[in-house]
Amino acid sequence: MDYKETLNLPKTDFPMKANLPSRELDILKKWKDLYKRVLKEKDGKEAFILHDGPPYANGNIHIGHALNKILKDIINKYNLLTGKKILYIPGWDCHGLPIERKVEKELRKRKLRKEDISKVEFRRMCRQYAERFVGIQKEEFIRLGVLGDWENPYLTMNPSYQATEVRELGRVFSRGLAFRSKKPVYWCIYDRTAEAEAEVEYAQRQDPSIYVKFPLVDSEDTYLVIWTTTPWTLPANLGIMVGEDYDYAFFKTPEGTLVVAEKLLGSFKRETGLEGEVVKVVKGKELLGLEYSHPFVDKERLRGHLEGDTLERIWKVYPSEFVELESGTGLVHMAPGHGQEDYTVGKRFGIEPYSPLDDGGRFVEPAPDFLIGLRVFEANGKIIEKLKEGGFLLHEDTITHSYPHCWRCKNPVIFRATTQWFIGMERKVNSETLREKSLKEIDGVKWIPSYGKNRIRSMVENRPDWCISRQRYWGVPIAVFYCKNCQSVVSDEAIFEHVAKLIEENPFGADLWFEKSAEELLPEGVACPKCGGREFEKEEDILDVWFDSGVSHACVIRPLGYDRADMYLEGSDQHRGWFQSSLLESVSSYGYAPYREVLTHGFTVDEKGRKMSKSVGNVVAPQEVVNRFGADIVRLWVVSEDYTEDIKLGEGILRRVVEDYKKIRNTFRYFLGNLYDFKPSEDRVEFKDMHHFDRWILSRLQRVLEQIHKHYRDYHFHRVNQEVRNFCITELSALYLDVLKDRLYVYAPKSWERRSAQTALYILATSLVTAVAPYLSFTAEEVWQHLVKIDGSLPDSVFLSEIPSPNESLTDEELEKDYGYLVRLRDEVMVALEIAKANGVVKHPYQAKVYIAGFEPVVEKYKDYLNYFLTVSQVELGSGGDELYDSEELKGLRVGVSHAEGKKCPRCWIFFREEEFSGDVCSRCAQVLSSR
RNA sequence: GGGCCUCUAGCUCAGCUGGUUAGAGCGUGCCCCUGAUAAGGGCAAGGUCGGUGGUUCAAGUCCACCGAGGCCCA
């Protein structure tokens, strides 16, 4: 007879092979309205708001996006599964340069430039482009299983968003934090337009290379020597920079005593052919403050053309960390209107940028007369001539070097001071400066990991004023007006509100700023508060995209009725980006940080720890992983590594993640396979009445749950995963479930032995499936659907359930202590069995009889269950056995192994003596069979 | 070049305030089972803690320098 048919073997239609790529699609259908349902379900519950940082609406998502959104999803779902209401509104960053450039490329295919069409037309094209990629990325995020309000995402190009942004700008203005000032930007003198850093292209170019001497005012025949390749910037020279710690030589020559960095003296002599002797050497520090005179600029001519006290400070020696001793003279000509570093150093010492050029790059007043009207590159020769005449030119040559060029017209660009709008770091927010208040707010925020605080702190401490204006088309306007009569700025909060309303009501939002005149945009009857003028011009500049996303707290969180988000979560690059722009904007506008916690993650790198790049060919696309293995594999990858560091990904790692996945999946499959005839409402065994082994595993489960909750709360997801995985492997699969087979399979279906075990399995299954749901979302839902069939009282999605808290009434400390010893004992018996196996005493544990001596007293308590626990046929307490093994782990313990007595029961496979048989099978089996 | 961070078995991670033979899971090797079966079980072998030099009675664990790598600046 085939006794296999009489056993309760596992039965389930939960497949071993996951086939996630297609199965997940079905689950997604089930989740279609899940966010809405969950919101309704948790109505009135405490809210958790993770505010989504908007990805840029360009291209498909890459693995970094996937990592970011999945981490957010895990945190959201953990909060959801512990009883909170989650408010998660995904967003996109839609304005800005990259889209403008894509659209310009499209235009060029049609032989058009952006100047050839209206701004509004151009903006429509940009909007369409952004819409397209919002759609694509949205589908990709949904496919990853990310739960959120995908039907109502926030887009920075939405009219309502733009309107709120304009209102926020109004708040910043009305608090006196915004101002206009000059700042050098890349400028194409042929296209007459500013260019972003990302727009310039570097190309080889030939330029003059000259050494110029500047006479010191208080020293006889002594000169500071500079080297430059842009003679045309000399009219805008306002200072000379040195390195404080460098050594400078006073070099006596026929040209006078020349000050040159000692280290560069050799190359200087070689290039200029000058000979002489070094009369002294001083540190750069000692040169600071020395005054020189300009070779061809008259100071009086500048009066009235320089901002603030700049005139008092010009033509002196200043320290700079930017001076290098690679080339030149170690003294650097400083023109704050024409150089980034010059500008930075100038600002530090109260020297405002100065640039006597028009938009076409021609010199204008108060440049020297001999230059007026000349274009910068034409002026080079005249300037050199002038220097030569005055005897200031030490050497002239040409150089071929890499120089920035316009990406459109391919001509060289210049760096030129232009008027920009700023938010001032030193402006006051109430009684403190924006910088001080922001630093204070940083202290009040929880940064995860903690070093994030230092990182953003040092950035806020050192950052310059925030330049918020851009000379571009695709963005939100800086909605201010200028009086045509007196040029003063009209930026009343009521006017911002008026414009915001217009934007809000327009289907194309801020487009109307560019189609309407100032008069149409202003409320009726506005007069200039200074001169009473009634004619105005509107500002044409738009806002920095960092301002767009920096106001998202006001556009997204406030309308929900909350004053700040619980958490921001982005890559560590956002310390400089979004975390900072949001902080500065929020502090400017409301006086406090927009977030309570900020969590940052690292970047994805390849298996060797190198950054992913197309040229290296080590890029892993999330879409590919999803199609090959499924989204749950991506999600499991996210929790398998510590995201605070670089997180590695490659074929080998994917293979391992897939292995881990199979183990967990099979554990669930085993639960389900053994619950096919279990109805919790009828068959459940009370904890106190359960088998001690079942009580033990449930008690262990409580400890595991405790750890899982702790690690989730600490955002240590890889530890959650390790906890779950180790529990599944070491305690469940290798021990509990293995030992349990006898009771599940052999006993009568409705027997206490089996029902007690099933009760434990049921609790394990429902606990673990919810615990794992935040990351293995698809699989958890799939398991859950099978559990619903077993227990109709369960909600119909795992996300409408909760992760159980550790339950004190399901713990038994004494039992855990007892089993602590029994498990160690079992390990030792396994070693003994392995030896017996090697020596041919037994092949399989069921063929063994085990003798145990030198054990601790607890063993007596569990004597009757011991053979099942050890998965052997017979156990005798006391000395004996053919193969002896003395434990090293448990000193005093001696394990003996012999071949089991009697014969194997064909039904339960355990060995019994003849007298223990009843017919063909053992008496235990006989009893089960007769009760059928 | 500067700021922040990382570097423990083949892989992913534990190792608190310095102190017995550095742990886990996976993978690998060998073996068992064929009643979780493209599953399950057992045993075993693998690190001297990126390198060097210090502090200390004692360092993976503190300090310095170097190297490799990441993010952000320049």
Side-chain angles (χ1 to χ4, degrees), chain A residues 2-12 14-17 64 321-322 324 326 340-341 344 449-459 461-463 571-577 580 600-612 636-637 639-642 644-648 650 652-660 662-663 665-674 716 718-719 721-730 732-735 737-742 744-746 826-827 829-838 842-847 871 906-909:
Chain A
D2 187 4
Y3 289 105
K4 190 171 168 180
E5 299 304 315
T6 71
L7 297 169
N8 319 303
L9 293 178
K11 241 187 277 182
T12 179
F14 181 86
M16 179 179 286
K17 191 167 182 331
E321 68 275 27
F322 302 113
E324 284 173 2
E326 299 303 313
Q340 184 61 49
E341 293 159 2
T344 306
S450 57
Y451 51 72
K453 179 184 279 190
N454 288 334
R455 189 162 176 182
I456 194 165
R457 258 201 87 88
S458 66
M459 288 175 178
E461 270 167 0
N462 298 315
R463 70 159 293 150
S572 60
D573 56 334
Q574 298 303 331
H575 285 110
R576 177 157 291 272
Q580 207 179 126
T600 52
H601 59 257
F603 279 68
T604 50
V605 293
D606 74 8
E607 274 172 308
K608 292 183 191 121
R610 308 279 167 152
K611 92 158 96 182
M612 290 187 178
L636 191 56
W637 162 70
V639 295
S640 70
E641 296 183 49
D642 181 354
T644 60
E645 297 308 319
D646 304 327
I647 150 162
K648 295 181 185 172
I653 287 174
L654 276 173
R655 222 180 304 136
R656 210 195 64 241
V657 173
V658 169
E659 286 306 308
D660 280 353
K662 285 185 188 165
K663 186 74 201 184
R665 183 175 180 89
N666 271 318
T667 304
F668 281 118
R669 181 165 185 266
Y670 193 71
F671 290 149
L672 294 169
N674 288 100
H716 290 157
H718 68 290
R719 297 198 191 192
N721 180 232
Q722 290 204 343
E723 188 74 31
V724 169
R725 193 207 310 144
N726 285 5
F727 184 62
C728 285
I729 290 168
T730 61
L732 289 175
S733 195
L735 178 59
L737 298 178
D738 203 41
V739 170
L740 211 59
K741 286 175 189 168
D742 180 76
L744 286 169
Y745 300 170
V746 174
R826 188 174 188 268
D827 288 341
V829 171
M830 290 304 164
V831 176
L833 283 169
E834 202 64 25
I835 294 167
K837 227 159 69 179
V842 294
K843 279 188 82 177
H844 182 86
Y846 271 172
Q847 294 175 354
T871 56
R907 183 168 179 273
C908 70
W909 292 351

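Each chain gets a letter, A, B and so on, in the order its sequence line appears, and its residues count up from 1.
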Measuring only the C1' atom in each nucleotide, how far is B:G46 from B:A22? A whole number of Å is fine. 13 Å

A:R719 side-chain N/O to B:G15 phosphate OP1/OP2 under 4.0 Å: yes

Tell me what A:K648 touches on the nucleic acid: a base, only sugar-phosphate, or nothing, going by heavy atoms under 4.0 Å. sugar-phosphate

Is A:R656 near enough to B:C13 that one of its side-chain N or O atoms lies under 4.0 angstrom from OP1 or OP2? no

Each nucleotide N or O in nucleotides 2-5 of chain B that has a protein N or O under 3.5 Å away: list the pair and distance.
unit_1, atom_1, unit_2, atom_2, d
B:G3, N2, A:R455, NH2, 3.4

What is the distance, to the nearest angstrom, from the CD atom on A:E641 to the P atom on B:A24? 21 Å

Would you indicate what A:G602 reaches in the nucleic acid, counting non-hydrogen atoms under 4.0 angstrom: base, sugar-phosphate, or nothing? nothing

For a quick test of reading the model: is some side-chain N or O of A:K837 closer than 4.0 Å to OP1 or OP2 of B:C32? no

Using a 4.0 Å heavy-atom cut-off across all strands, classify A:N674 as base, sugar-phosphate, or nothing. nothing

Nearest whole Å is fine: how far is B:C72 P from A:R576 CZ? 10 Å

For B:C62, give the paired nucleotide (Watson-Crick: N1-N3 plus N6-O4 or O6-N4; G-U: N1-O2 and O6-N3; both under 3.5 Å), or none. B:G54

Taking only side-chain N and O atoms of A:K611, does any of them lie within less than 4.0 angstrom of OP1 or OP2 on B:G69? no

Partner of A:E659 by salt bridge (charged side-chain N to carboxylate O under 4.0 Å, His left out), out of A:K662, A:R656, A:K663: A:K662

Between A:R457 and A:E461, is there a salt bridge with N-O shorter than 4.0 Å? yes

Starting the side chain at C-beta, find the nucleotide from B:A74, B:G70, B:A39 nearest to A:M16. B:A39

Assuming nearest nucleotide by heavy-atom distance, tell me which of A:A734 and A:Y670 is located more 5' along RNA chain B. A:Y670

Can you tell which of B:G35, B:G27, B:C32 lies closest to the side chain of A:E659? B:G27

Under 3.5 Å on both distances, the Watson-Crick or G-U partner of B:C71: B:G3

Select base, sugar-phosphate, or nothing to describe what A:R463 touches, counting heavy atoms under 4.0 Å on all strands. nothing

Quick one: which of B:A14, B:G25, B:C43 gets closest to the side chain of A:H718? B:A14

Residues A:K837, A:E834: salt bridge by 4.0 Å N-O rule: yes

Which part of the nucleic acid, if any, lies within contact of A:R655, taking any heavy atom under 4.0 Å across all strands shown: a base, the sugar-phosphate backbone alone, or nothing? nothing

From A:L740 atom CG to A:T871 atom OG1, the distance as rounded to the nearest 0.5 Å: 12.5 Å

Checking base pairs now: Watson-Crick or wobble, both atom distances under 3.5 Å. What partners B:G10? B:C26

Just to be sure I understand the rule, does A:E607 reach a base, reach only the sugar-phosphate, or reach nothing, if contact means heavy atoms closer than 4.0 Å? nothing

Is B:G67 in the syn or the anti form, by the rule that syn lies within 90° of 0? anti

Just checking A:L7: base, sugar-phosphate only, or nothing, at a heavy-atom cut-off of under 4.0 Å? base

Would you mind classifying the nucleic acid contact of A:K663 as base, sugar-phosphate or nothing, using non-hydrogen atoms under 4.0 angstrom? sugar-phosphate

In terms of the angle between their ring planes, are A:H601 and A:F603 parallel, tilted or perpendicular, with boundaries placed at 30° and 60°? tilted

Interatomic distance, A:Q722 CD vs B:U12 P [rounded to whole Å]: 12 Å

The residue, A:R826 or A:D573, whose nearest nucleotide of RNA chain B is more 5′ is A:R826

Return no unless some side-chain N or O of A:Y745 is found under 4.0 Å from OP1 or OP2 of B:A36. yes

So, taking the atom named CD in A:Q580 and the one named CZ in A:R455, what distance separates them when rounded to the nearest 0.5 Å? 11.0 Å

Mind calculating the distance between CZ (A:R457) and P (B:C73) to the nearest angstrom? 20 Å

Remember a base hit wins even if backbone is also touched, and classify A:P906 as base, sugar-phosphate or nothing at under 4.0 Å, heavy atoms. base

Could you state the interatomic distance from CG (A:N674) to OH (A:Y745), rounded to the nearest 0.5 Å? 5.5 Å

Are A:K741 and A:D738 close enough for a salt bridge, meaning some N to O gap below 4.0 Å? yes

Considering all heavy atoms, the nearest A:W909-A:Y846 contact: O-CD1, 3.5 Å

Distance check: side-chain N/O of A:R610 vs OP1/OP2 of B:G69, anything under 4.0 Å? yes

Can you tell me, in whole Å, how much space there is between the C1' of B:U61 and that of B:C16? 10 Å

Of the candidate nucleotides B:A39, B:C13, B:C43, which contains the atom at the shortest distance from the side chain of A:D642? B:C13

What's A:S733 touching, base or sugar-phosphate or nothing? Going by heavy atoms closer than 4.0 Å. base

Using every non-hydrogen atom in the two residues, find where A:Y3 and A:P906 come nearest and quote the distance to one decimal. CE1-CG, 3.8 Å

Kindly state whether the pair A:W909 / B:G35 counts as stacked, where counting means centroids closer than 5.5 Å and planes tilted less than 30° apart. yes

